[in-house]
Structure formats: C-alpha cells, structure tokens
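First listed ligand is number 1; within each ligand, the first listed atom is number 1. Note that this is a predicted model, so its numbers are computed, not measured.
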Amino acid sequence: MQLRAEDIKDHHSGLHIEQSVDQYPILAQLVKDGGYVFRTPVQVDVHVSVVGGVIELDGHIQVEVEIPCGRCLTPSVYSLSGDFHQSFVEELPNITGEDGEELELTAEEMGLELFDGEAIDLDDEVQQQVVLLLPAHPLCDEACKGLCVECGANLNEEPCECAEKKVSMHFAALKDFKVEK
Ligand SMILES: [Zn+2]
Ligand SMILES: [Zn+2]
C-alpha cells in the first residue's frame, strides 16, 4: 500500500495492515524459489507522524513462516516479530559542521530515507523489514547432519551405507598393496 503524503500531513495516525505474502514481491519470490511457506499474512501495525517535514514511521511486524533447513531441507516454523523505525524526507537537510563548512552526508548516514514527496511505498518498507527478520542460516537443529551427498538420505534419520562402502573400498585397495623389500 502507498502512504500518500497529503493524507498524513499534519496529523498522527495508526494503521493496521494485514496483507497476504502475494502482495510483497520479494517474499513471494522466497515462496516460489526458496521453499518458504508463510503460515499467516504479514501483520503490520504502524504509527505515522509528521514532525517538521519529516515523516516518521514506527512499526511492528509479525508473521509466521516455515523455512527449510539449510542442510537437510526439513522445514522449521519461525515466529518472526520485530520493530522498525524509518524517517522519510523529501530532500536532505543541509548540515554544517563546527567550522561552518557544509557536510556532505548521504541519506543513509543521516538515518533518513528519501521519497518523492508524493507517497511512501509502505509495502516495500515492510518486505525489506521482513527480510531482515529472516534467519540468515536456517537450521532444523545446530547439530543437523544434513543429507548424504551420494544418495540423498537424511542422515539425521539413519546413517546411509555410503560412508561404510567408502571405508571398505579403502581396505580392498590396501589388500593388494605389498611392501617392497
Ligand atoms: Zn536439518
Ligand atoms: Zn548415502
């Protein structure tokens, strides 16, 4: 959804947004390519305020997602929730240093985000925040043994025979090995 600047000028408002993951392109991509399964819509509570030309968003995000383990692909459920804060300005303020020189700071360095003065793309903000909440290395368990690279068996469930076979082949090679005198 788009937050139109003219609708939020001079007043404070709270919004509750509940949208399915299809509305967020980056998250929809995770579903399509990454095997992610979102079990709830993305729930967003956001408080919007305008302070001296700066639009401030204070939000809270909550969503439940199943993510396949990075080693064995077994899905685990993650309840993600987190707060975010973002300030938007139409143009960057001029900031001068102690010596009166103008400082060249980027929007990021000032903790600000630029917008076109018309509208803020709230959906984009929300999907970026959800991505930040995702676990970087999802694992079903820290000790997950993963899948066998030879036969694809889930090594957490039972050891496959590939490792054993390798060992016996190693011994078979040794049998023919003769030490020269
Ligand atoms: Zn695993
Ligand atoms: Zn195997």
Requested in this report: If you have a sec, read the angle at the Zn ion (ligand 1) from Cys69 atom SG over to Cys72 atom SG, to 10 degrees.
Outcome: 110°
Report task. Answer yes or no: are there more than 12 heavy-atom neighbours, outside His85 itself, under 6.0 Å from its atom NE2? Result -> yes
Report summary line: Test side-chain contact (heavy atoms from CB on, under 4.5 Å), reference Val44, set Leu15, Val126, Asp123, output is Val126
Query raised in the report: Taking the Zn ion (ligand 2) as the vertex, what is the angle from SG of Cys162 to SG of Cys148, given to 10 degrees?
Result: 110°
Query raised in the report: Is it the case that Asp124 and Gln128 place a side-chain donor and acceptor less than 3.5 Å from each other?
Result: yes
Report task. Just to the nearest 10 degrees, tell me the angle at the Zn ion (ligand 1) spanned by Cys140 SG and Cys144 SG. Result -> 110°
Query raised in the report: Do Glu66 and Arg39 pass the salt bridge (charged side-chain N to carboxylate O under 4.0 Å, His left out) test, and can you show the C-alpha distance, the side-chain angles, and the key distance before you say yes or no?
Result: CA-CA 7 Å; Glu66 259 178 44; Arg39 292 159 53 118; 2.9 Å; yes
